[in-house]
Amino acid sequence: MKNVLNNKTVVITGASSGIGEAMAKVYASMGARVVLGARSKEKLQALAAEIEANGGKAAYCATDVTQAEDCKRLIDTAVKAFGGIDVLICNAGISMRAIFDDVDLEVLHRLMDVNFWGTVYCSKYALPYLQASRGSLVGISSVAGIHGLPGRTGYSASKFAMTGLLETIRVENIKKGLHVMVACPGFTASNVRFSALTADGSQQGATPREEGKMMTPEEVARIVAKGIARRKRLCLMEIEGRATHFVKKFAPALVDKLFYMVMSREPDSPFK
Ligand code: NDP
């Protein structure tokens, strides 16, 4: 596969952990200049230093993606450091675990603020630079963005909203050479289930699934890079995503049943 990330400027939100951190390391090793955003400034600082120590190029900006002005600062940091932007990866995200009956409405607002509005703000400020470079706008969605995942209303809703946003930006830019991709990892070992919000908004602090049996963040990073190289619209990663996408077209009720069955078997599932 052609290394399209060599000498390209790639902005990554949620770069302090999990998939975002892996993308930063993998893409820097592929020759990309990476620009890191997340709230944990110390982690970004350490990651940027590690990348530079390995011969890569990195800049960072402490960013809370729920704040439009932070997102603008992240984009400005990239432009100031490297003169433009070739790829924006809207990856910052949080999850939840509670059924709709029980969930505090604030939890749903929080999910939309981080996952959806964070994508809106970063896309908005990066768009002129991405248009100029005929680059790639990437949203890290989920299998939960293909079909509603029980116990994750706010998460699925935020990922569906991201898809609506990104798809429309793609159509609006059809004559401008902008590539827009929605990437849907399946379960990937990371901090996302530990930080997931429960019904009252407190963090779950534990994972209900076997993290060791999941994809690694590095695998996800490499698949996303391939998707960018091939200028794909939708980047599915493994059997869960491909099967969900395919079967939903013909037998959506079967997907309902399978999702219910699989998720209800999690320990402490909020539904049985
Ligand atoms: P992690 O919890 O390991 O990483 C999440 C990242 O998002 C962190 O860097 C965190 O940084 C950042 N983040 C959270 N809130 C904010 C905020 N308000 N502003 C800026 N950054 C924020 O999870 P993953 O790596 O797994 O998640 C990355 C993406 O992948 C998410 O969008 C998630 O939905 C998606 N995904 C994950 C799957 C999985 O099973 N892991 C499956 C499918 C999709 P900080 O706390 O420093 O701000």
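Each ligand, and each atom within it, is numbered from 1 in the order the structure gives. FYI, side chains are in, hydrogens and waters are out, and symmetry mates aren't considered; it's all heavy atoms of this structure.
For F160, the ring-ring contact (aromatic ring centres under 6.0 Å, His included) criterion is met by no residue, not counting sequence neighbours.
Ligand 1 is approached by Y155 to a heavy-atom distance shorter than 4.0 Å. Using 4.0 Å as the threshold, V114 has a heavy atom nearer than that to some atom of ligand 1. The closest approach between a heavy atom of G118 and any atom of ligand 1 is not below 4.0 Å. The closest approach between K159 and ligand 1 falls below 4.0 Å for a heavy atom of the residue. At least one heavy atom of G186 sits less than 4.0 Å from an atom of ligand 1.
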Please walk me through it: do E218 and K25 pass salt bridge (Lys or Arg N to Asp or Glu O under 4.0 Å)? CA-CA 9 Å; E218 290 72 24; K25 288 181 185 170; over 6 Å; no
Is there a side chain to side chain contact (heavy atoms under 4.5 Å, CB included) between C184 and L234 once you walk through the steps? CA-CA 8 Å; C184 299; L234 178 65; 4.0 Å; yes
Verify side chain to side chain contact (heavy atoms under 4.5 Å, CB included) between V10 and M23, making sure each step is shown before the conclusion. CA-CA 10 Å; V10 182; M23 289 194 290; over 6 Å; no
Would L236 and I146 count as a side chain to side chain contact (heavy atoms under 4.5 Å, CB included) here? Give the steps. CA-CA 10 Å; L236 300 169; I146 302 172; 3.6 Å; yes
Apply side chain to side chain contact (heavy atoms under 4.5 Å, CB included) to residues T63 and R73 and explain how you reach the verdict. CA-CA 8 Å; T63 310; R73 213 175 315 120; over 6 Å; no
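Set against the non-hydrogen atoms of F187, the atoms of ligand 1 under 4.0 Å away are 40 (O). Close contacts of ligand 1 with S141, meaning ligand atoms under 4.0 Å from a residue heavy atom, involve 35 (C), 36 (N), 43 (C), 44 (C). Residue G18 has at least one heavy-atom neighbour below 4.0 Å for each of these atoms of ligand 1: 3 (O), 25 (O).
The proximity of A189 to ligand 1, defined as any non-hydrogen pair under 4.0 Å, does not occur for either the backbone or the side chain. Contacts with ligand 1 closer than 4.0 Å are made by no heavy atom of T13, backbone or side chain. By the criterion of a heavy-atom distance under 4.0 Å, the side chain of R193, and not its backbone, is placed next to ligand 1.
Shortest contact from atom 3 (O) of ligand 1 to any protein heavy atom: S17 OG, 2.6 Å. Of all protein heavy atoms, the one closest to atom 25 (O) of ligand 1 is I19 N, 2.8 Å. Nearest protein heavy-atom contact of atom 24 (P) of ligand 1 is S190 OG, 3.4 Å. Of the protein's non-hydrogen atoms, G93 O, 3.7 Å is the one closest to atom 5 (C) of ligand 1. Protein heavy atom nearest atom 31 (C) of ligand 1, with residue, atom name and distance: N91 O, 3.2 Å.
No side-chain heavy atom of R134 sits under 4.5 Å from any side-chain heavy atom of D86. Between L36 and E21 there is no side-chain heavy-atom pair separated by less than 4.5 Å.
Scanning G37, A92, S16 for the heavy atom closest to atom 22 (C) of ligand 1 points to A92. Residue T188 holds the heavy atom nearest to atom 40 (O) of ligand 1 of all those in T188, D64, I89, T207.
Checked options Q204, Q203, E211; the residue passing with R193 is E211 (criterion: side chain to side chain donor-acceptor pair (under 3.5 Å)).
Using cut-offs of 30° and 60° for the angle between ring planes, the F271 and Y260 rings count as tilted.
Inclusion of V192 in the set of residues having an N or O under 3.5 Å from an N or O of ligand 1 is warranted. At least one N/O-N/O distance between G14 and ligand 1 falls below 3.5 Å. Taking only nitrogen or oxygen atoms, main chain and side chain alike, R39 reaches within less than 3.5 Å of ligand 1. On a distance-only criterion, V65 and ligand 1 share at least one N/O pair closer than 3.5 Å.
There is no path of hydrophobic side-chain contacts, each under 4.5 Å, that joins L47 to F82.
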Just list the side-chain donor-acceptor pairs under 3.5 Å for residues 114-122, sequence neighbours left out, or say none.
unit_1: N115; atom_1: OD1; unit_2: I94; atom_2: N; d: 3.0
unit_1: N115; atom_1: ND2; unit_2: I94; atom_2: O; d: 3.0
unit_1: N115; atom_1: ND2; unit_2: S158; atom_2: OG; d: 3.1
unit_1: T119; atom_1: OG1; unit_2: N115; atom_2: O; d: 2.8

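The pair R97-E266 meets the salt-bridge criterion, since a charged nitrogen lies less than 4.0 angstrom from a carboxylate oxygen.
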